[in-house]
Amino acid sequence: MGAQTTGLLSRRDVALLHAVADRRCEIVHGSQPVLFVDGWLFCDADAGRRLISAGLLAEPGPGTGRWPARLTEAGEAEVARTDHPVVHPGHAVARN
């Protein structure tokens with residue numbers, strides 16, 4: 001999946017995967033998974049669903065609260081084959 005997926009990922013998606021790999025992200029379970037980067041709400045509301053659907057980000061467990069976001073094996077492979085991006089993965093819009 002990695003080689004095919006890279007062409008479909010934006011630089012923001014790749015940066016977000018690297019942030020997850022660096023343990024800087026949390027995810028909230030729900031019908032629309034919500035991602036936080038460095039404690040800030042991630043600006044791209046569809047990113048969690050998109051990366052989960054692509055098989056790169058693990059589905060969050062049931063329940064409430066924030067959980068550490070985790071890469072799947074395919075996500076880990078994608079991070080390993082891409083250079084660490086210099087761009088910030090997104091802009092914060094709210095602090096909890």
Side-chain angles (χ1 to χ4, degrees):
M1 176 180 270
Q4 293 174 324
T5 306
T6 302
L8 304 175
L9 295 176
S10 69
R11 290 181 63 177
R12 181 185 292 174
D13 291 337
V14 173
L16 185 57
L17 291 176
H18 280 275
V20 171
D22 291 341
R23 300 178 188 258
R24 296 174 42 220
C25 297
E26 297 172 305
I27 191 165
V28 175
H29 176 76
S31 59
Q32 178 74 7
V34 177
L35 286 169
F36 291 81
V37 179
D38 297 330
W40 293 80
L41 182 62
F42 189 60
C43 67
D44 184 349
D46 292 328
R49 180 189 48 79
R50 187 172 59 247
L51 294 175
I52 289 170
S53 294
L56 301 172
L57 194 60
E59 189 82 44
T64 59
R66 290 188 203 178
W67 300 96
R70 297 176 295 114
L71 296 173
T72 61
E73 286 184 25
E76 290 173 1
E78 190 66 31
V79 166
R81 58 182 291 332
T82 57
D83 290 332
H84 198 289
V86 233
V87 296
H88 190 274
H91 299 284
V93 293
R95 179 101 174 154
N96 277 0

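Predicted model, so just to flag it, every value in this text is computed and none were measured.
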- Message: Can you tell me how far apart CZ (R66) and CD1 (I27) are? Round to the nearest 0.5 Å.
- Response: 12.0 Å
- Message: If I take atom CZ from residue R23 and atom CZ from residue R70, how far apart are they, to the nearest 0.5 angstrom?
- Response: 11.0 Å
- Note on the structure: Rounded to the nearest 0.5 Å, the CG atom of L71 sits from the NE2 atom of H18 at a distance of 9.5 Å
- Shared ILVMFWY cluster between L57 and W67, side chains joined below 4.5 angstrom? no
- Write down the atom of V79, the atom of A21, and the distance for their closest heavy-atom approach. CG1-CB, 4.0 Å
- Message: Give me the atom names and distance for the closest heavy-atom approach of A69 to V20.
- Response: O-CG1, 3.5 Å
- Note on the structure: In short, T72 meets A58 closest at the heavy-atom pair CG2-N, 3.7 Å
- Item | Closest heavy-atom pair and its distance - F42, L16 | CE2-CD2, 3.8 Å
- d(I52 CD1, Q32 CD) to nearest 0.5 Å is 9.0 Å
- Note on the structure: What one should report as the nearest heavy-atom pair of P60 and H29 is O-ND1, 3.7 Å
- Check: D22 side chain, A19 main-chain N or O, donor-acceptor pair, under 3.5 Å: no
- Note on the structure: Rounded to the nearest 0.5 Å, the CG atom of L51 sits from the SG atom of C25 at a distance of 10.0 Å
- Query: Is there a side-chain contact between L9 and L17, using heavy atoms and a 4.5 Å cut-off?
  - Reply: yes
- Measure the spacing between CG of D46 and CG of L35 and express it to the nearest 0.5 Å. 11.0 Å
